[in-house]
Amino acid sequence: MAETNLILMGPPGAGKGTQAEFIVERVGIPQISTGDMLREAVASGSDVGQRASEIMKRGDLVPDEVVIEIVRDRLRRDDCRPGFILDGFPRTREQAVALDALLGELGREPVRVVVLEVPEDELMRRILSRGEGRADDNEATVRKRLGVYRDSTAPVIDHYGQAVVRIDGLGSVEQIRDRVAAALGS
Ligand code: ADP
């Protein structure tokens with residue numbers, strides 16, 4: 001059976017986590033959220049968590065080698081065989097290059113990249129009203145994260161050329177779910 005290997009990209013607040021959950025239900029492949037895994041590491045007080053905590057509070061990127069190692073361990077697990085949804089990775093060119101190498105080593109089929117596009121004023125509004133109590137959801141840190149996305153992550157989209165589908169991320173959660181499903185043919 002063909003693999004469903006997906007990367008969900010888009011700025012903070014674009015709805016990657018929400019849409020990833022729909023794909024998990026529909027396709028039955030796991031969501032791999034580096035943000036969630038890092039927050040778990042912070043909560044557990046592990047070495048990685050201790051290194052990442054202050055960086056995340058500032059809205060900066062955790063060092064490439066740290067996240068690459070986390071993703072490497074996760075993608076090697078058996079539940080990723082039919083496919084996976086990477087949410088929040090890769091965020092830099094170095095991460096994209098490392099992912100190419102890793103998928104090659106694992107003999108995986110090519111990835112498809114879904115980019116959720118949402119204007120910045122809407123992103124700020126969504127994040128400040130979502131009330132998840134995240135340490136990085138204050139206005140100054142959100143501005144920083146949006147800048148990091150623009151400078152470091154958006155350029156990575158080009159790395160994937162024809163594999164990219166851009167989706168309008170404005171609308172109801174269900175409308176966007178249907179657009180994503182249509183784009184993936186699922
Ligand atoms: P959002 O997309 O809303 O910014 P995430 O949960 O994806 O939230 O990420 C939260 C924070 O975790 C980021 O601001 C960054 O500090 C860290 N992080 C997550 N994924 C990565 C990654 N691939 N590379 C570096 N840092 C990451």
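Atoms within each ligand, like the ligands themselves, are counted from 1 in listed order. Residue numbers run from 1 in the order of the sequence given. Source: prediction; values computed, not measured.
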Under 4.0 Å between a side-chain nitrogen and a carboxylate oxygen: does that hold for D64 and R93? no

Nearest-neighbour protein heavy atom for atom 11 (C) of ligand 1, which is reported as residue plus atom name and distance: M56 CE, 3.8 Å

Provide, to 0.1 Å, the distance between atom 26 (N) of ligand 1 and the closest protein heavy atom, together with that atom's residue and name. V62 N, 3.1 Å

Look at E21 together with R26 and state whether they make a salt bridge at an N to O cut-off of under 4.0 Å. no

Electrostatic pair E54:R58 at N-O distance under 4.0 angstrom: no

Can you tell whether the side chains of E120 and R125 come within less than 4.0 Å, N to carboxylate O? no

Got a salt bridge between R145 and D137, using NZ or NE/NH1/NH2 to carboxylate O under 4.0 Å? yes

Closest candidate by heavy atom, reference atom 13 (C) of ligand 1, pool K16, R145, R91: R91

Determine whether any heavy atom of R130 lies closer than 4.0 Å to an atom of ligand 1. yes

In the protein, what heavy atom is nearest to atom 15 (C) of ligand 1, and what distance, to one decimal place, separates them? D60 O, 3.4 Å

Closer than 4.0 Å to some heavy atom of Q95 - which atoms of ligand 1 meet that? 22 (C), 23 (N), 24 (N), 25 (C)

Ligand 1 to P12, heavy atom cutoff 4.0 Å, flagged ligand atoms 1 (P), 2 (O), 3 (O), 4 (O)

The one among L38, V142, D64, T34 that brings a heavy atom closest to atom 18 (N) of ligand 1: L38

Closer than 4.0 Å to some heavy atom of V67 - which atoms of ligand 1 meet that? 21 (C), 22 (C), 24 (N)

